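Only a predicted model underlies this, so the values are computations on that prediction, with no experimental measurement involved.
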Amino acid sequence: MPDTAATRIPEWGDTRCCRIGLLGGSFNPGHVWHRAIAYRALVELQLDQVWLMVSPGNPLKVGQDMAPFALRLTTARQLADGRRVVATDIEARIGTRYTVDTIRILKNRFPRARFVWLTGADGFAGLSLWKGWRRLVHCVPIAVFPRPGVNARALRGAAGEYMARWRVPARQAGRLASLSPPAWAFLPGVQNSISATQIRQQGGFRVPADQSTPPDLRTTRRKTGEQS
């Protein structure tokens, strides 16, 4: 979906009154798991929109094989519909590198929106490595989605133990956007093992020499066995 005036999220905010899921990440590349989580979140969390927020640079992934930002944003846009699921470069435009700072600014600039942070269990397992992670969990409700092999570690990790008292039953996850943080829920369900690293290792995402040709996600799906 092209970035147009109709789909571009204003970095200085607006007065939209809605429930928004924030799915941040490197999108190196964006893939079908990101899309599956976005659409599942719309339904189970009773959201109005999900923003696929492409990070300009993850501080925890410095030195890793990272495609150019414009190319990563392109793969995220291929997953979005531009209406309920929107790929955005807003984090680059507001100039933040850490999620806790991004959330603080978004809440200030979109004062009538109710945000929920969306993450996989793999991200939740490493949350305690993030800058200001305790401030983050007191800033925004969080929905955690399962990932094979890491769910138990995530729930028993530093963040899971710290936040245990604020856990909301999965059957009540639709309340998250209305709750004052800290509040979070783990949503069990179908688990998908696809990862950006796996896609790159299988040759499904190559950075072209001129950085102008976006990857073909249909090829990626054929190679990984994933379905839309």
Side-chain angles (χ1 to χ4, degrees), residues 1-31 34-35 37-39 41-42 45-62 64 66-120 123 127 130-143 176-181 196 207 211-212 214-215:
M1 171 65 65
D3 187 14
T4 66
T7 62
R8 189 175 176 88
I9 297 168
E11 66 264 36
W12 294 108
D14 57 33
T15 58
R16 70 184 70 194
C17 183
C18 56
R19 299 153 61 100
I20 301 169
L22 302 174
L23 181 58
S26 299
F27 292 87
N28 188 42
H31 51 73
H34 296 121
R35 183 171 62 185
I37 291 306
Y39 283 98
L42 284 172
L45 303 182
Q46 300 176 23
L47 302 176
D48 299 299
Q49 279 189 325
V50 169
W51 295 356
L52 307 180
M53 295 200 309
V54 183
S55 171
N58 187 331
L60 295 178
K61 296 184 178 181
V62 173
Q64 293 188 20
M66 193 66 62
F69 177 76
L71 188 57
R72 293 186 285 113
L73 181 60
T74 294
T75 70
R77 286 177 179 151
Q78 291 177 327
L79 305 174
D81 61 20
R83 295 177 296 278
R84 300 201 69 194
V85 178
V86 180
T88 177
D89 62 351
I90 192 169
E91 200 164 24
R93 285 186 281 126
I94 63 179
T96 55
R97 295 186 65 205
Y98 298 100
T99 300
V100 64
D101 297 327
T102 299
I103 297 297
R104 175 181 55 81
I105 291 174
L106 291 180
K107 290 182 66 176
N108 182 58
R109 297 184 182 181
F110 297 86
R112 300 183 65 193
R114 302 301 299 261
F115 293 108
V116 179
W117 182 257
L118 312 178
T119 184
L127 185 63
W130 294 19
K131 176 187 175 182
W133 70 274
R134 286 186 175 86
R135 284 189 288 123
L136 173 63
V137 304
H138 285 267
C139 190
V140 64
I142 300 173
L176 275 180
S178 302
L179 297 177
S180 296
V207 180
Q211 301 179 5
S212 62

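Panel note: side chain D48, backbone C18; no donor-acceptor pair is recorded below 3.5 Å. Checked by atom type and distance alone, the side chain of T75 never pairs as donor or acceptor with a backbone atom of P29 at under 3.5 Å. With hydrogens and angles disregarded, a donor-acceptor distance shorter than 3.5 Å links the side chain of R84 to the backbone of L47. Listed for the T88 side chain is a donor-acceptor partner under 3.5 Å among the backbone atoms of I90.
A ring-centre distance under 6.0 Å is found for W51 and F110.
Annotation: side chain of I9 is in contact with side chain of V86 (closest heavy-atom distance under 4.5 Å). Under the 4.5 Å side-chain criterion, counting only non-hydrogen atoms from C-beta, K131 is in contact with D101. Counting heavy atoms from C-beta on, the side chains of L45 and L118 come closer than 4.5 Å. Side-chain atoms of R77 and R72, non-hydrogen and from C-beta on, never get closer than 4.5 Å to each other. A heavy-atom distance below 4.5 Å is not found between the side chains of C139 and P181. Residues T99 and W133 are not in side-chain contact: their nearest non-hydrogen atoms beyond the backbone lie 4.5 Å or more apart. At least one side-chain heavy atom of T119 sits less than 4.5 Å from a side-chain heavy atom of I142. Put simply, the side chain of I103 reaches to within 4.5 Å of the side chain of L22, judged on heavy atoms.
Contact between D14 and R16 at its shortest, heavy atoms only, is OD2-NH2, 2.8 Å. Of all heavy-atom pairs between D89 and R93, the closest is OD1-NE, 2.7 Å. Of all non-hydrogen atoms in F69 and A92, the two that sit nearest each other are CZ-CB, 3.9 Å. The minimum heavy-atom distance linking A38 with L52 is given by the pair CB-CD2, 4.3 Å.
For W117, the ring-ring contact (aromatic ring centres under 6.0 Å, His included) criterion is met by no residue, not counting sequence neighbours.
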Item to complete: Show your reasoning for whether side chain to side chain contact (heavy atoms under 4.5 Å, CB included) applies to V100 and W130.
Response: CA-CA 9 Å; V100 64; W130 294 19; over 6 Å; no
Worksheet item: Run the side chain to side chain contact (heavy atoms under 4.5 Å, CB included) check on V85 and L42 step by step: do they pass?
Response: CA-CA 9 Å; V85 178; L42 284 172; 3.8 Å; yes
Discussion item. Working note: V54 + E91, criterion side chain to side chain contact (heavy atoms under 4.5 Å, CB included); need CA distance, chi angles, decisive distance, verdict.
Written reply: CA-CA 7 Å; V54 183; E91 200 164 24; over 6 Å; no
Item to complete: Would you please test L136 and L127 for side chain to side chain contact (heavy atoms under 4.5 Å, CB included) and show each step?
Response: CA-CA 10 Å; L136 173 63; L127 185 63; 4.0 Å; yes
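Side-chain atoms of Q49 and R19 form no donor-acceptor pair, as typed in the model, at a separation below 3.5 Å.
Identified under the side chain to side chain donor-acceptor pair (under 3.5 Å) test for residues 103-115, with sequence neighbours left out: none.
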